[in-house]
Amino acid sequence: CTHCGACIATCPTDMVRDKRGAIKISFVACIGCGHCMAICPEGAVSLAEIEYKGGFQPRPPRVSAEDLLSALQARRTVRRYRPEPVSREDLERLVEAARWVPTGANCQCQQFVVITNPARLDNLRQQIMEHYRRYAVELADGVASHPRGPSAGEMPALGGGGMRGEGGAAGQMHEHILAAVPSFVKNVDAGRDRLFFDAPAVILVHAPRHEVLPESACA
């Protein structure tokens, strides 16, 4: 340590401080994000929470800014899947990539459940659809009036788009979702999987409620 102060300036929770001419890291609110470890020019900081052992300098981009922007603009959510199983290697690579994405408050609190068993996928599909069927009945009866409905608080993603209710038990549902629920239920009951779109694998992202910003981290 050369006492350059770079770690002090970069700490998002101000837990790295100058104490009588020495660098001290307080663990009172340290979130183990690794910024101090990444920025240290001498490699003097080591955090047990950080599993990454390589260099922290990003690799040069392989595409131009224009090509990258074009790829982002052309990106679409896939809703047609081939029936063959996804290899365990590919699933593990996907989860490993998801572990490193930015999260709320720099806390990697999200966890992943990978489901590939067709029977378990069907069971999960049916459980979620029972929730939507009840909600559709409430909408038809006028109980779940716009914009709040009594059971909208924990709505799963609808049609793979990731939209959900928020704001406690009452929930806040966008009018598009309120209008789409009856048609969604009707399509599923007719044998069209509008929830998982017959994907051979489903990954559930979840986090404990007591964590910092768990919903943001999962999103």
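Because only heavy atoms are used, hydrogens play no part in the values below, and waters and symmetry mates are left out as well, while side chains stay in.
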Next on the checklist: Could you check whether Glu138 pairs with Arg134 (Lys NZ or Arg NE/NH1/NH2 to Asp/Glu carboxylate O, under 4.0 Å)?
Outcome noted: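 Salt bridge: no.
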Can you measure from [atom1] ([X]) to [atom2] ([Y]) and round to the nearest 0.5 angstrom?
X	Y	atom1	atom2	result
Thr2	Glu42	OG1	CD	5.0 Å
Tyr132	Leu195	OH	CG	7.0 Å
Glu211	Gln111	CD	CD	8.0 Å

Are the side chains of [Y] and [X] in contact, using a 4.5 Å heavy-atom criterion?
X	Y	result
Val45	Ile39	no
Arg125	Phe196	yes
Cys11	Arg17	no
Pro41	Cys4	yes
Phe112	Leu94	no
Pro12	Cys33	yes

Checklist entry - Could you walk me through whether Arg133 and Asp189 pass the salt bridge (charged side-chain N to carboxylate O under 4.0 Å, His left out) check? => result CA-CA 10 Å; Arg133 289 187 183 97; Asp189 287 343; 2.6 Å; yes
Next on the checklist: Under the rule for side chain to side chain contact (heavy atoms under 4.5 Å, CB included), what residues qualify as partners of Ile23, not counting sequence neighbours?
Outcome noted: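 Checked Ile23 against side chain to side chain contact (heavy atoms under 4.5 Å, CB included); matches are Cys1, His3, Cys7, Ile8, Val16.
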Checklist entry - Under the side chain to side chain contact (heavy atoms under 4.5 Å, CB included) test, which residues partner Val212, sequence neighbours left out? => result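 Side chain to side chain contact (heavy atoms under 4.5 Å, CB included) list for Val212, sorted by chain: Ala105, Cys107.
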Next on the checklist: Is it the case that the ring center of Phe197 lies less than 6.0 angstrom away from the ring center of Tyr81?
Outcome noted: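 They do not qualify: ring centres at least 6.0 Å apart.
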Item to check | Side-chain donor or acceptor of Asp122 paired with backbone N/O of Pro118 under 3.5 Å | outcome: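 Pair absent, no side-chain N/O of Asp122 close to backbone of Pro118.
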Item to check | Main-chain N/O of Leu68 paired to Gln73 side chain as donor or acceptor, under 3.5 Å | outcome: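 Answer holds: no.
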Using every non-hydrogen atom in the two residues, find where [X] and [Y] come nearest and quote the distance to one decimal.
X	Y	value
Gln110	Ala98	NE2-O, 3.7 Å
Arg194	Val188	N-CG2, 3.9 Å
Leu91	Ala201	CD2-CB, 4.0 Å
Pro85	Pro200	CA-CB, 4.3 Å
Cys109	Ala207	O-CB, 3.6 Å

Item to check | Option among Val205, Leu204, Ile203, Val202 that satisfies the side chain to side chain contact (heavy atoms under 4.5 Å, CB included) test with Val113 | outcome: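 When Val205, Leu204, Ile203, Val202 are each tested with Val113, the side chain to side chain contact (heavy atoms under 4.5 Å, CB included) holds only for Leu204.
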Item to check | Donor-acceptor pair between Ser70 and Asp67 side chains, under 3.5 angstrom | outcome: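 The criterion, which ignores hydrogens and geometry beyond distance, is not satisfied for Asp67 and Ser70.
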Item to check | From CA spacing to verdict: side-chain contact (heavy atoms from CB on, under 4.5 Å), Arg192, Phe184 | outcome: CA-CA 9 Å; Arg192 293 183 285 273; Phe184 171 66; over 6 Å; no
Next on the checklist: As a quick check of understanding, evaluate salt bridge (charged side-chain N to carboxylate O under 4.0 Å, His left out) for Glu89 and Arg93, giving each step before the final call.
Outcome noted: CA-CA 6 Å; Glu89 178 185 11; Arg93 290 178 65 191; 5.3 Å; no
Next on the checklist: Is there a continuous path of hydrophobic side-chain contacts, each under 4.5 Å between heavy atoms, that joins Ile31 to Ile25?
Outcome noted: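 They do not share one cluster, since no chain of ILVMFWY contacts under 4.5 Å joins Ile31 to Ile25.
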Next on the checklist: Grouping I, L, V, M, F, W and Y whenever their side-chain heavy atoms are under 4.5 Å apart, do Leu121 and Val86 come out in a common cluster?
Outcome noted: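 No: no chain of side-chain contacts under 4.5 Å links Leu121 to Val86.
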